[in-house]
Amino acid sequence: MASSKQGGPATASRKSEFRSQKTKPESRDESELLTVPDGWKEPAFSKEDNPRGLLEESSFATLFPKYREAYLKECWPLVQKALSEHHVNAILDLIEGSMTVCTTKKTFDPYIIVRARDLIKLLARSVSFEQAVRILQDDVACDIIKIGSLVRNKERFVKRRQRLIGPKGSTLKVRKVVLDTMKNIHPIYNIKTLMIKRELAKDSELRSQSWERFLPQFKHKNVNKRKEPKKKTVKKEYTPFPPPQPESQIDKELATGEYFLKASQKKRQKMEAIKAKQAEALSRRQEERNKAFIPPKEKPVVKPKEASTETKIDVAAIKEKVKKAKSKKLGALTAEEVKLKMEADEKKKKKKK
């Protein structure tokens, strides 16, 4: 009994210490737990993490188009060399047009087979080996987006796909940018927001804050209106009843009374109708022929008005003006101007004396 009494206070002290240890991490700031310290990198997965290897072998296969056969033949030794470093086998079947990757007994990384699968998928989709082999790194990932069914119109699809293709055939690598581009949102808007986010991530104070106030808000404006067709078809109002049945020839004859006539009477009516049409046509032709013989309407003759005495021209005065103009040489002085000049010269001579 004494031993049980002595153990009581010891266990109580241990419990209090355990509770104090539990409460210590709660006193830390939450921002310290959420933020990743600068320069920290996740350690690479090594053989020491999984010394016994994998329990079972797994494999993946994918098909490739005919035009990629020549390129894959050339770069396949490099593919095998890159995968052999991770103890993964690669098989190229040119007859079936397929690539296969599978693990071996020496493979220790369980996720490397998924990366090897992505590698052969990228090679099948016209990605160069230099870019595709980067998928084997831990900090690199890929995403294959099928855009064939996003746009129905082929011309629009080609235009929007062209926006994604960058310099030297490189493509944009953000899924949201690709999907928004196919929805007719230009990639420059999303790229601008990504650039701003990159700059904001560098600031340690703004990491834990909301970035909505810094990001630009672009409004979607559809400027190009749909062209209206020249001929607008007005839809008729929907009625559950079928349209009225058109009248047959017998119904029309019954309405006019022709149905009860004899064959000879019907024939006579037809001949009379034909003769009436011929008579109308003859009268029209005769009128057109007679138009050539109808004289045109003459305009009424306007009598010239007698010239008034005030507006009569003085012929004698005009003749005198013409004579003076002939006698006068080009640049010569008139008689009055000559007299005035002579008088001015005489006055000057008198002053000198």
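One is the number of the first residue; the rest follow in order along the sequence.
- Considering only residues two or more places apart in sequence or on other chains, Q209 meets the side chain to side chain donor-acceptor pair (under 3.5 Å) condition with R213.
- The line from CD1 of I135 to CG of L123 is 11.0 Å long, rounded to the nearest 0.5 Å.
- Side chains of M99 and D93 form no contact here, defined as non-hydrogen atoms less than 4.5 Å apart.
- Contact annotation: the side chain of T103 never approaches that of H87 to less than 4.5 Å [non-hydrogen atoms, C-beta and beyond].
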Item to check | Derivation of the side chain to side chain contact (heavy atoms under 4.5 Å, CB included) call for F60 and C102 | outcome: CA-CA 7 Å; F60 289 100; C102 57; over 6 Å; no
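- Surrounding CD1 of I250 are at most 12 heavy atoms belonging to other residues, nucleotides or ligands under 6.0 Å away.
- Separating the CG atom in L340 from the CG atom in D345 is a distance of 11.0 Å, to the nearest 0.5 Å.
- Atom NZ of K47 is surrounded by 12 or fewer heavy atoms from other residues, nucleotides or ligands within 6.0 Å.
- Residue S58 comes nearest to I113 through the heavy atom pair O-CD1, 3.7 Å, listed as atom of the first residue, atom of the second, then distance.
- A side-chain donor-acceptor contact under 3.5 Å links Q265 to the backbone of K262.
- Under the 4.5 Å side-chain criterion, counting only non-hydrogen atoms from C-beta, T62 is not in contact with S98.
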Item to check | Derivation of the side chain to side chain contact (heavy atoms under 4.5 Å, CB included) call for E272 and K275 | outcome: CA-CA 5 Å; E272 286 174 3; K275 283 177 182 178; 5.7 Å; no
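- Under a hydrophobic clustering in which Ile, Leu, Val, Met, Phe, Trp and Tyr are joined whenever their side-chain heavy atoms come within less than 4.5 Å, directly or via other members, V133 and Y111 fall into the same cluster.
- I196 and I191 fall into different hydrophobic clusters, where Ile, Leu, Val, Met, Phe, Trp and Tyr residues are linked whenever their side-chain heavy atoms come under 4.5 Å apart, directly or through other members.
- With hydrogens and angles ignored, the 3.5 Å screen pairs a side-chain donor or acceptor of W211 with a backbone N or O of L206.
- When the side chains of ILVMFWY residues are joined at heavy-atom separations under 4.5 Å, either directly or via intervening members, L215 and L194 end up in two distinct hydrophobic clusters.
- F64 places a side-chain heavy atom less than 4.5 Å from the side chain of L94.
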Checklist entry - side chain to side chain contact (heavy atoms under 4.5 Å, CB included) between T104 and V88: does it pass, once the steps are laid out? => result CA-CA 6 Å; T104 60; V88 176; over 6 Å; no
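- Taken to the nearest 0.5 Å, the CG atom of L92 stands 9.0 Å off from the OG1 atom of T100.
- In this structure the side chain of P216 reaches within 4.5 angstrom of the side chain of T193, judged on heavy atoms.
- For E199 and K202, the salt-bridge test passes: some basic side-chain N is under 4.0 Å from an acidic carboxylate O.
- Within the 4.5 Å cutoff, the side chain of E258 has heavy atoms near those of the Q269 side chain.
- Counted within 6.0 Å of CD on E42, heavy atoms from surrounding residues, nucleotides or ligands total 12 or fewer; the atom is thus considered open.
- Heavy atoms only, all atoms of each residue included: R68 and V127 are closest at NH2-O, 3.3 Å.
- Going from atom OG of S46 over to atom CG of D109 covers 9.5 Å, rounded to the nearest 0.5 Å.
- Side chain of H186 to main chain of I188: a donor-acceptor pair is present (N/O by atom type, distance under 3.5 Å, no hydrogens or angles).
- By the criterion of side-chain heavy atoms lying less than 4.5 angstrom apart, applied directly or through intervening Ile, Leu, Val, Met, Phe, Trp or Tyr residues, I112 is grouped together with V114 in one hydrophobic cluster.
- Note on ring orientation: taking the six-membered ring where Trp is involved, the planes of F45 and F108 are parallel (angle under 30°, cut-offs 30° and 60°).
- From K121, atom NZ reaches atom CG of D118 across 6.5 Å, with rounding to the nearest 0.5 Å.
- Residues L119 and A132 come closest through the heavy atom pair CD1-O, 3.3 Å.
- At a threshold of 4.5 Å between non-hydrogen side-chain atoms, the residues D143 and I145 count as touching.
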Show me the donor-acceptor pairs within less than 3.5 Å that the side chains of residues 69-85 make with the rest of the protein, sequence neighbours left out.
| residue | atom | partner | partner atom | Å |
| --- | --- | --- | --- | --- |
| E69 | OE1 | K66 | NZ | 3.2 |
| Y71 | OH | F129 | N | 2.9 |
| Q80 | NE2 | A90 | O | 3.2 |
| S84 | OG | Q80 | O | 3.2 |
| S84 | OG | K81 | O | 2.7 |

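- Two residues are said to be in side-chain contact when any heavy atoms from C-beta on lie closer than 4.5 Å; N50 and L54 meet this criterion.
- In this structure, CD on E247 lies 10.5 Å from CD on Q249, to the nearest 0.5 angstrom.
- At distances below 3.5 Å, at least one donor-acceptor pair connects side-chain atoms of R115 with backbone N or O atoms of Q137.
- Here the side chain of R160 pairs a donor or acceptor atom with the backbone of M182 at under 3.5 angstrom.
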Next on the checklist: Show, in sequence, the C-alpha distance, side-chain angles and deciding distance for I147 and F157, and conclude whether the side chain to side chain contact (heavy atoms under 4.5 Å, CB included) test is met.
Outcome noted: CA-CA 9 Å; I147 60 174; F157 172 75; 3.9 Å; yes
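- A donor-acceptor pair is defined here as one N or O able to donate and one able to accept, closer than 3.5 Å; no such pair exists between the side chain of D203 and the backbone of L200.
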